[in-house]
Amino acid sequence: MSRGIEMLLLLLIVALWLGRSGAYSVPKATVKVNSPKGFEVSIPDEPGITLFAFHGKVNAEMDDLSDQTWATDIVTSRNGRWTYHNRSHKLQQGDVLYYWTTARYHGVDYHNYNQRYVVGGGQGANTQRIDARGSGGGHQPIVVNGQPTINIYVA
Ligand SMILES: *[C@@H]1O[C@H](CO)[C@@H](O)[C@H](O)[C@H]1NC(C)=O
């Protein structure tokens, strides 16, 4: 075999390998809690996605992949998003939605396991910890999720 063909083959193998192991990962889902009830979990559409699946449970971690309250396959995208929409379930402030998602991308299923969303918690980004000092000198940690709208007076 000539050196040129050898190089070409090597490049081809590397290209195939890169293509297969693909840097693809399921886009991070957006969770939207509707009022007075209902919620949506969605990912943006992109060429190559033909299915989106949502698996979830509230306030308890899923022990295995079949342990869930919701397991739904979405087979069409709407308005540029793949959306699981539940119109009846009411999520309460402080509820934790444990979920995992699947995207079928060019015929291969990719999963995004161990996701969680805290209702009203801005996914944890907004959590504030206030260390108030009680009259006895002790510390009283108060954890506020979301936008704190409370006044705290410490005697
Ligand atoms: C919404 O959630 C409820 C459980 O709270 C379930 O019974 C219902 O099937 C869900 N709806 C959809 C569209 O998944």
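Order of appearance sets the numbers: ligands from 1, and atoms from 1 within every ligand.
- Nearest protein heavy-atom neighbour of atom 4 (C) of ligand 1: Trp70 NE1, 3.8 Å.
- With a 4.5 Å cut-off on side-chain heavy atoms, His55 and Thr102 count as touching.
- A donor-acceptor distance shorter than 3.5 angstrom exists from the side chain of Gln115 to the backbone of Tyr113, with no hydrogens or angles considered.
- Panel note: side chain Asp64, backbone Asp67; a donor-acceptor pair is recorded below 3.5 Å.
- Checking only distances, Thr72 never comes within under 3.5 Å of ligand 1, N or O to N or O.
- For the side-chain hydrogen bond (donor to acceptor under 3.5 Å, both in side chains) test with Asn34, the passing option among Glu40, Arg87, Lys90 is Glu40; the others fail.
- The aromatic rings of Trp70 and His89 sit perpendicular to each other, their planes meeting at more than 60°, with 30° as the lower class boundary.
- Nearest to atom 14 (O) of ligand 1 among the protein's heavy atoms is Tyr84 OH, 2.6 Å.
- Looking at Lys32, its side chain never comes within 3.5 Å of a backbone N or O of Phe39 through a donor-acceptor pair.
- The nearest protein atom to atom 11 (N) of ligand 1, hydrogens excluded, is given as Asn86 ND2, 2.9 Å; this is a heavy-atom distance.
- Protein heavy atoms all stay at least 4.0 Å away from atom 9 (O) of ligand 1.
- Under 4.0 Å from ligand 1, the heavy atoms of His85 that appear belong solely to its backbone.
- Among protein heavy atoms, atom 5 (O) of ligand 1 sits closest to His89 ND1, 2.7 Å.
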